[in-house]
Structure formats: structure tokens, C-alpha cells
Amino acid sequence: MRVSSNGIFTEARDLTNVLKEQVREKKAENSNEVCDALIEHWETRTLAHAQSEEEGFFVEKLKEQPDLHDTIIKLKRDHQILELIVMSIKEKKEDKGVTEEILPYFDALLVVFELHNHEEETSLFEME
């Protein structure tokens, strides 16, 4: 997630802040729209990119540097955690709508994504 990860993160962070504001101001219609946009963002920008990394970049990196096996396993786990969090958000939204309960899950996505990107940068790209 190297080239565009900063932009992806910034967009997700900004949308998350908008969602928090809408939820706290009890603007249900706006909250639903922003929440849907955020879910779409994570699914189409981040998780889709993660899938392509696992199918391409990680495979190539392992061929070049087999000693990166454990690091790549951890990075794949990060992808799984991101996916699990998004699934939890969707379930909570379906069950209770967009409430304050969902907000920490979006914060968790940002934290995992930020840590993941740092690990990826220091482990996979600084070695090039």
C-alpha cells in the first residue's frame, strides 16, 4: 500500500471525522450516507488493494526474499483484521443503524491501517 496510502489514509480520516460530527449532531440521513461512503472507501480502495498486494506484490517479494515470510504473514493478518472490522461495522449498521457504537470501529481501521503501512514501509521498501 505504498504509493497512494497517504491519500487513502487522509480520505478515510477526513470521512471518519465527518461521520463523527454527523452522528453526534444526530443527523441520521447524513450519517447513513457518510457511513456508506466510508464502508465503500475501505472495501474498494483499501481492501481491494490489499487483495491485489497479496496476489501479486507479496508473492513476488517472497520469491526475491524468502526471509520476509514472517513479515508478510503479519501484513496479511493486518488485511484480515481490516476486513473483519469492516464486516463488524456493516453488521452493526444493519442491526442498529449508524450510532456512536460504530465510531470506534472506524478509528480502529485508521490505527490498523497506519501501523500496517509503517510496517510495510520499513520492512519491505527500505530494503530495496
Side-chain angles (χ1 to χ4, degrees):
M1 291 186 203
R2 183 180 195 187
V3 176
S4 61
S5 63
N6 194 34
I8 291 171
F9 178 84
T10 301
E11 184 179 339
R13 184 201 60 215
D14 292 350
L15 280 170
T16 299
N17 288 335
V18 170
L19 179 63
K20 288 176 182 180
E21 183 179 307
Q22 297 301 311
V23 169
R24 292 187 177 131
E25 291 178 8
K26 304 207 185 312
K27 296 183 177 176
E29 187 176 325
N30 293 347
S31 296
N32 276 313
E33 289 176 18
V34 176
C35 188
D36 289 343
L38 259 171
I39 291 168
E40 181 180 348
H41 168 87
W42 284 105
E43 289 179 330
T44 62
R45 305 247 352 242
T46 306
L47 296 176
H49 183 79
Q51 184 66 35
S52 68
E53 267 186 341
E54 290 183 22
E55 294 170 355
F57 178 68
F58 288 174
V59 173
E60 291 302 314
K61 222 34 177 164
L62 268 176
K63 286 180 187 174
E64 295 169 10
Q65 295 175 273
D67 59 309
L68 290 175
H69 178 266
D70 290 347
T71 298
I72 288 175
I73 293 296
K74 291 175 190 174
L75 293 170
K76 285 181 174 183
R77 179 62 179 151
D78 292 348
H79 293 166
Q80 292 170 336
I81 290 169
L82 291 168
E83 188 173 352
L84 289 169
I85 295 169
V86 170
M87 287 173 29
S88 291
I89 291 168
K90 290 168 78 171
E91 289 170 6
K92 289 182 181 310
K93 182 179 183 280
E94 188 172 313
D95 289 346
K96 298 181 183 178
V98 181
T99 65
E100 293 249 358
E101 184 181 333
I102 284 178
L103 300 179
Y105 288 81
F106 283 109
D107 287 332
L109 285 170
L110 292 170
V111 170
V112 172
F113 187 69
E114 184 175 35
L115 294 172
H116 172 85
N117 286 333
H118 177 75
E119 180 66 22
E120 207 170 62
E121 289 289 324
T122 58
S123 299
L124 302 183
F125 293 109
E126 286 187 359
M127 302 173 93
E128 291 181 342

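Keep in mind that this is a model prediction, so the values were computed, not measured.
Here the side chains of Tyr105 and Leu84 are not in contact, with every heavy-atom distance at 4.5 Å or above. Counting heavy atoms from C-beta outward, Gln65 and Leu68 have side chains that approach closer than 4.5 Å. With contacts defined as side-chain heavy-atom distances shorter than 4.5 Å, the pair Glu120/Glu53 qualifies. Between Val23 and Thr99, the closest side-chain pair of non-hydrogen atoms is not below 4.5 Å. Side chains of Lys27 and Glu33 form no contact here, defined as non-hydrogen atoms less than 4.5 Å apart. Between Leu38 and Ile89 there is no side-chain heavy-atom pair separated by less than 4.5 Å. Under the 4.5 Å side-chain criterion, counting only non-hydrogen atoms from C-beta, Lys93 is in contact with Ile39. Considering only heavy atoms from C-beta on, Leu19 stays 4.5 Å or farther from Asn30 through its side chain.
To the nearest 0.5 angstrom, Asn117 atom CG is 8.5 Å from Glu114 atom CD. Atom CG of Asp78 sits about 13.0 Å away from atom CD of Glu83, to the nearest 0.5 Å. Atom OG of Ser123 sits about 6.5 Å away from atom CG of Leu75, to the nearest 0.5 Å. From Asp36, atom CG reaches atom NZ of Lys90 across 10.0 Å, with rounding to the nearest 0.5 Å. Interatomic distance, Met87 CE to Gln80 CD, rounded to the nearest 0.5 Å: 11.0 Å. Taking CG from Leu115 and CD1 from Ile81, the interatomic distance works out to 10.0 Å, rounded to the nearest 0.5 Å.
The ring pair (Phe, Tyr, Trp, His ring centres under 6.0 Å) analysis of residues 15-41, with sequence neighbours excluded, yields no pairs. Residue pairs meeting the salt bridge (Lys or Arg N to Asp or Glu O under 4.0 Å) criterion with at least one member in residues 8-24, sequence neighbours excluded, are Glu11-Arg45, Lys20-Asp107, Arg24-Glu100.
The shortest heavy-atom contact between Ile102 and Gly97 is CD1-O, 3.5 Å. The heavy-atom pair separating Leu82 from Leu47 by the smallest distance is CB-CD2, 3.8 Å.
With sequence neighbours excluded, no residue forms a salt bridge (charged side-chain N to carboxylate O under 4.0 Å, His left out) with Glu40. In this structure, the ring pair (Phe, Tyr, Trp, His ring centres under 6.0 Å) partners of Phe58, at least two apart in sequence or on a different chain, are His79. When the salt bridge (charged side-chain N to carboxylate O under 4.0 Å, His left out) test is applied to Lys74, no partner is found at least two apart in sequence or on another chain. Remark: Glu94 pairs with no residue by the side chain to side chain donor-acceptor pair (under 3.5 Å) rule, at least two apart or across chains.
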- Message: Before you tell me yes or no, could you show the steps for Phe106 and Trp42 under ring pair (Phe, Tyr, Trp, His ring centres under 6.0 Å), namely the whole-Å CA-CA distance, both residues' side-chain angles and the distance that decides it to 0.1 Å?
- Response: CA-CA 10 Å; Phe106 283 109; Trp42 284 105; 7.8 Å; no
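A distance-only check finds a donor-acceptor pair linking the side chain of Ser52 to the backbone of His49 [under 3.5 Å]. In this structure, Lys61 contributes its side chain and Leu124 its backbone to a donor-acceptor pair below 3.5 Å.
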